[in-house]
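Accompanying notes for the structure given below.
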Amino acid sequence: MNIKIEIPENVKYIISRLEKAGYSAYAVGGCVRDSIMGKTPSDWDICTSALPEQTLEALQMDNIIENGMKHGTVTVRYKNENYEITTFRSDGVYDDNRHPRSVSFVTSVNEDLARRDLTINALAYNDSEGIVDLFGGVEDIKNGIIRCVGDPDERYNEDGLRIMRTLRFASALGFEIDGSTAGSVHKNAHLLTNISVERISSEFNKMLMGRNVEYVLENFYDVISVFIPEIQPLIGFDQKNPHHNYDIWMHTVKTVTFSPEERTMRLAAFFHDIGKPETFSLSNDGVGHFYGHPEMSEKMSYKILRRLKYDNQTIDTVCSLIRLHDKRPPAEPKYVRRFLNELGEQLFPKLLELKYADAMAQSEFKRQEKLEYIERLRKIFYEEIEKGSAYSLKMLNINGRDIIALGVKDGKRIGIILNKLLAMVMSDRLDNDREKLKKAAQILASGREI
Ligand code: ATP
Ligand code: MG
């Protein structure tokens with residue numbers, strides 16, 4: 001195969017230094033895959049026959065980060081970029097479906113490629129030899145196929161995380177998983193129970209943000225339910241409601257697909273209806289309802305996201321979006337301000353995106369009205385931001401010190417008065433004008449109501 005890859009000058013330099021010292025060296029893995037696909041690689045990994053000490057010796061660079069040396073990786077900083085240079089290795093027997101018991105350094109790139117997970121990742125390149133492709137990786141890239149290097153059952157048993165990587169790459173690259181690899185993914189899904197949740201979540205995030213997420217969720221929910229068993233009741237759950245033409249799971253899949261490729265958005269879409277089965281009721285006319293499902297979904301998502309070790313800010317954001325996803329107040333400024341009060345300016349557009357994705361993932365019944373409603377909320381949002389309308393205590397043209405000056409000493413009462421003023425401003429019963437606010441505050445401070 002005569003494919004020319006443009007290697008950055010820095011990488012060329014590192015490879016040539018190693019070659020001059022008598023070793024072989026290649027760009028390897030994701031960077032070769034991405035280059036062949038015409039994408040700019042995020043980083044360039046290098047592999048070499050040189051042992052770590054020999055790499056250091058050959059490069060003679062001052063800026064060396066030596067961690068990982070015993071696993072064969074030297075990280076050098078060269079012209080403001082970090083490069084990982086790893087000695088060819090072959091992994092020995094694996095313990096606990098994750099860790100090779102021993103790693104041995106080898107002299108041939110072929111053995112190093114053989115230990116890699118997927119054919120599309122088992123590619124090496126340098127200018128003198130061109131592409132080293134022992135497992136048909138280039139062909140698989142051309143055909144958009146994800147396939148294990150070697151026997152999939154063996155490879156997944158060595159390292160269960162590869163199951164998530166298989167799904168992640170299928171989703172991110174828009175590739176399809178080859179039949180025998182797919183069969184093995186289903187068969188070995190349970191191996192994920194041996195993998196740390198941090199690693200699973202990290203792959204799950206990338207999978208959710210991929211452009212082929214629909215295909216993966218639709219076909220591999222059994223894998224997801226190994227670490228999120230809470231999705232099982234959604235699968236095949238008939239909603240018996242004119243707004244829905246899909247079961248809850250497929251509605252969820254479509255909502256994820258219609259939401260922007262951003263982490264918190266995709267997580268919120270994934271979990272937004274997870275509490276539905278718990279809240280299902282059937283009215284006399286045979287129509288299904290899910291009263292209180294946003295709160296139930298929020299509660300369940302909180303537990304799941306904690307278990308999967310997401311950070312607090314992510315959990316907060318995702319839970320807020322889920323809690324509010326089905327609120328449908330009249331499209332009026334005061335209600336938009338309430339949303340803003342709860343979510344802030346950054347998050348409110350995300351809520352609108354979630355509402356949009358949710359509506360698109362439902363039946364066409366009243367869809368036009370739903371979309372127009374969302375657009376009215378959006379328009380009001382822009383107008384309110386433009387006008388600088390107050391929706392939080394900070395934005396009020398009066399503060400705690402002003403209330404103290406009126407003779408109120410008790411902190412709690414100060415808070416109550418300020419909140420009453422804000423509620424009036426937000427509902428257009430009072431202008432956010434300093435003098436008017438002071439007058440109103442005076443009345444409240446004297447114990448009267450307005
Ligand atoms: P990206 O960095 O764009 O997410 P990548 O292919 O570079 O994709 P990395 O996780 O950085 O992925 O891994 C670098 C290379 O190491 C991979 O291309 C693959 O060849 C190999 N690799 C990574 N993880 C595994 C694994 N669990 N089992 C086997 N090989 C792996
Ligand atoms: Mg990488």
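As the structure lists them, so they are numbered: ligands from 1, and atoms in each ligand from 1. Residues take their numbers from the sequence shown, with the count starting at 1.
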If you count only heavy atoms, which residues are under 4.0 Å from ligand 1?
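Under the 4.0 Å cut-off, ligand 1 touches Gly29, Gly30, Arg33, Arg115, Arg116, Asp117, Asn121, Asp159, Arg162, Arg165, Arg168, Phe169.
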* Contacts of type ring-ring contact (aromatic ring centres under 6.0 Å, His included), residue Phe237, not counting sequence neighbours ->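 By the ring-ring contact (aromatic ring centres under 6.0 Å, His included) rule, Phe237 matches Phe280.
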message = Taking ring-ring contact (aromatic ring centres under 6.0 Å, His included) as the definition, give me every residue that meets it alongside Phe227, ordered by chain and number, with sequence neighbours left out.
response =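 Residues passing ring-ring contact (aromatic ring centres under 6.0 Å, His included) with Phe227: Phe204.
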Can you tell me how the ring of Phe290 sits relative to the ring of His293, calling it parallel under 30°, perpendicular over 60° and tilted otherwise?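 Aromatic pair Phe290/His293 classed perpendicular.
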Do Asn143 and Phe175 make a side-chain contact, defined as non-hydrogen atoms from C-beta onward lying under 4.5 Å apart?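 No. Closest side-chain heavy atoms not under 4.5 Å.
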Side chain proximity check, Ser24 to Thr48, heavy atoms < 4.5 angstrom: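 Sidechains of Thr48 and Ser24: no contact.
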Side chain to side chain donor-acceptor pair (under 3.5 Å) with Thr119: which residues, sequence neighbours excluded?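 Thr119 satisfies side chain to side chain donor-acceptor pair (under 3.5 Å) with Asp140 once adjacent residues are dropped.
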